[in-house]
2 protein chains.
Amino acid sequence: MTRVLVVEDEPQIVRALRINLRARGYEVDAAPDGRAALDLAARRHPDVILLDLGLPDMDGTEVIRGLRGWLTVPIIVLSARHASAEKVRALDEGADDYVTKPFGMDELLARLRAAVRRAAPAEEAAVVSTEAFTVDLAAKKVRRDGADVRLTPTEWHILEVLVRDAGRLVGQRQLLREVWGPAYEKETNYLRVYLAQLRRKLEPDPARPRHLITEPGMGYRFEP
Amino acid sequence: MTRVLVVEDEPQIVRALRINLRARGYEVDAAPDGRAALDLAARRHPDVILLDLGLPDMDGTEVIRGLRGWLTVPIIVLSARHASAEKVRALDEGADDYVTKPFGMDELLARLRAAVRRAAPAEEAAVVSTEAFTVDLAAKKVRRDGADVRLTPTEWHILEVLVRDAGRLVGQRQLLREVWGPAYEKETNYLRVYLAQLRRKLEPDPARPRHLITEPGMGYRFEP
DNA sequence: ACGGATCTTGACGCGGTCTTGACGCCGCTA
DNA sequence: TAGCGGCGTCAAGACCGCGTCAAGATCCGT
């Protein structure tokens, strides 16, 4: 299911969007200000973000900057400002689209579909195998010795990030950002705990990992 | 250089777009109708397409359908129609964005930049090779004789700086600053220790280095 | 409201990494 | 030729990061 994060301070608009999006089968989170937006973006991992520029606590382009750099999901800006300078700034800051209020709901939904469609084709080659286990990115499943392995949401998310960049080193900072959000960049002990759990569940010999490898001082690497 | 295909039958608009795009360093092809558009799209491999919906020979959505399916480059639709049904149709047909005429040139250019940026995750394989070993900057990996070489964070950091400026001399001061920080600009003995370790791990004959070369009194140089 | 699963947090020991100092060699210069 | 500065080498101790474990906090569905 596609998850949408709505960042908007006017309750009426939030309500209208929530109803329309829910009716089309989207899952909806809502944030009334920039702080909550950054927080929810990290915790809920939306597939697309609808962002109002007129927030009470911070400037809209600031929010965009705060999201970009660690998030690549599409950002569609909603704004009452028609000034083209405003549009140019938002788009160059990293927004994917800019819709002026008042907007037509059907047009907004169409632009949202277009944005999601563009970002979607990551569902290729969704199966990565090793001698010990098999990861299916699309189905979100891991098989080992012919049986499904049960992973917690966080465990899965870490594994997903590592497998997506198979063979490449993923810095601990990057890993923490993508899984827990930018505020957790220093909590390296989280990684130690969860990598240990993943190894216990996936590696034939957890003490001597062959696929989930630690590069001391730098990060972790998934080796197919 | 980014190549733009402009599909538009009004010569004035074509001319305005061509001038503005050329001035920004884009390469411009122009097609006056749908047939020419499909032809040029195939022959010239544009990076982005600006498509007017009001073409003389075929309907705009037909052109989109004709392009999609074998082309994945961003399509930005230009149209005089403000009707939202029209926008929805174009976007669902595969267009990436929809701009209504008359449009502001700076806004159009911003949307074009956004479209190109999205489609551009072209990660160049940052791999540098020598006769003795291979350095993969992206994966943070070093291979030698078919086996991975284990480097410590500091070792890797030094090698990275040297390889990034392959063939060029890197002053010891610069090297110390980039790896240890400005406060360590005088600790040249660090370099001696670590360069020796790197040579021991990478050079066929560490006593007579062929790739990690010392320029006495000045700095170090990586020779591919 | 309850119970189980999941996430957070802290402490500890160990191994590897970094830092630091000493020594000898070489090339340059006086 | 003697002195000097820069470089390579080595080894030892300090230090840091990792794996591990377990207890508390929190979330979730029943």
Side-chain angles (χ1 to χ4, degrees), chain A residues 27 29 39-40 42-45 140 142 148-160 162 169-176 178-181 183-203 205-221, chain B residues 140 142 148-160 162 169-173 175-176 178-181 183-221:
Chain A
E27 200 167 336
D29 294 323
D39 184 43
L40 281 178
R43 291 221 323 269
R44 305 274 296 169
H45 308 293
K140 293 205 192 305
V142 181
D148 282 4
V149 180
R150 214 182 127 57
L151 294 186
T152 72
T154 307
E155 287 167 5
W156 169 259
H157 204 258
I158 291 173
L159 183 63
E160 187 179 25
L162 290 175
L169 178 86
V170 181
Q172 18 198 24
R173 220 159 280 191
Q174 182 189 343
L175 202 46
L176 286 163
E178 293 207 36
V179 177
W180 280 274
Y184 294 74
E185 281 189 355
K186 305 208 143 184
E187 306 286 337
T188 60
N189 46 332
Y190 288 12
L191 296 179
R192 296 207 294 275
V193 171
Y194 277 96
L195 262 294
Q197 287 184 0
L198 278 172
R199 291 203 254 252
R200 213 172 301 135
K201 290 185 178 181
L202 299 178
E203 292 275 4
D205 181 1
R208 254 180 304 284
R210 303 179 33 111
H211 303 107
L212 298 170
I213 299 174
T214 300
E215 299 281 1
M218 304 205 277
Y220 295 86
R221 180 203 310 277
Chain B
K140 289 208 191 329
V142 181
D148 286 0
V149 180
R150 260 189 61 70
L151 295 185
T152 71
T154 308
E155 287 166 5
W156 170 261
H157 203 173
I158 291 173
L159 183 63
E160 189 177 25
L162 290 176
L169 175 78
V170 180
Q172 7 197 25
R173 241 176 254 161
L175 202 46
L176 285 163
E178 291 207 40
V179 177
W180 279 274
Y184 293 74
E185 281 189 356
K186 306 210 146 184
E187 307 284 337
T188 60
N189 46 332
Y190 287 11
L191 296 179
R192 295 207 295 277
V193 171
Y194 277 97
L195 262 293
Q197 287 185 1
L198 277 172
R199 291 202 256 253
R200 211 173 304 135
K201 290 185 178 181
L202 299 178
E203 292 276 3
D205 181 2
R208 256 178 301 283
R210 306 180 34 135
H211 303 107
L212 299 169
I213 299 173
T214 301
E215 300 281 1
M218 317 193 67
Y220 295 86
R221 187 157 46 88

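Convention: sequence-line order gives letters A, B, ...; per-chain numbering from 1.
Atom NZ in B:K186 sits roughly 18 Å away from atom C1' in D:dC7 (whole-Å rounding). B:L195 places its CG atom 10 Å from the P atom of D:dT9, with the value rounded to the nearest Å. Rounded to an integer number of Å, the gap from OH of A:Y220 to P of D:dG17 is 12 Å. Distance CD (A:Q172) to C1' (D:dG19): 14 Å, rounded to an integer number of Å.
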Working for side chain to side chain contact (heavy atoms under 4.5 Å, CB included), residues A:V142 and A:W156: CA-CA 9 Å; A:V142 181; A:W156 169 259; 3.5 Å; yes
Full working for side chain to side chain contact (heavy atoms under 4.5 Å, CB included) between A:Y220 and A:L212: CA-CA 7 Å; A:Y220 295 86; A:L212 298 170; over 6 Å; no
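Shown here for A:T152 and A:Y194, the closest heavy-atom pair between the two residues is OG1-CE2, 4.4 Å. When every heavy atom of A:P206 is checked against every heavy atom of A:P209, the shortest pair comes out as O-CD, 3.7 Å. For the residue pair A:L198 and A:L159, the shortest heavy atom distance occurs at CD1-N, 4.2 Å. Annotation for A:L169 and A:R221: closest pair N-NH1, 3.7 Å, computed over non-hydrogen atoms. Between A:G217 and B:P153, the shortest heavy-atom distance links the atoms CA-CG, 3.8 Å.
Residues satisfying the side-chain hydrogen bond (donor to acceptor under 3.5 Å, both in side chains) criterion with B:R210, sequence neighbours excluded, are B:E131.
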Under 4.0 Å protein heavy-atom contacts per nucleotide of nucleotides 18-30 of chain C, with B for base, S for backbone only and - for none: SBB----------
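A salt bridge is absent between B:E203 and B:R208; no separation between the charged side-chain nitrogens and carboxylate oxygens falls under 4.0 Å. Comment: B:K201 engages B:E155 in a salt bridge, judged by a side-chain N to carboxylate O separation of less than 4.0 angstrom.
For residues 211-218 of chain B, proximity to DNA chain C is found at no residue, defined as any non-hydrogen atom under 4.0 angstrom from a strand atom. Against DNA chain C, the stretch residues 199-210 of chain B makes no heavy-atom approach under 4.0 Å.
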What are the atom names and distances for every N/O pair under 3.5 Å that joins the protein to nucleotides 23-30 of chain D?
none

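By the 4.5 Å heavy-atom criterion applied to side chains, A:I158 and A:W180 are counted as neighbours.
Contacts classified as salt bridge (Lys or Arg N to Asp or Glu O under 4.0 Å) and involving residues 183-200 of chain B (residues at least two apart or in different chains) are given here: B:R177-B:E185.
The residue A:R150 sits close only to the backbone: its heavy atoms come under 4.0 Å of sugar-phosphate atoms, none of a base.
From A:K140, atom NZ reaches atom CG of A:L151 across 11.5 Å, with rounding to the nearest 0.5 Å.
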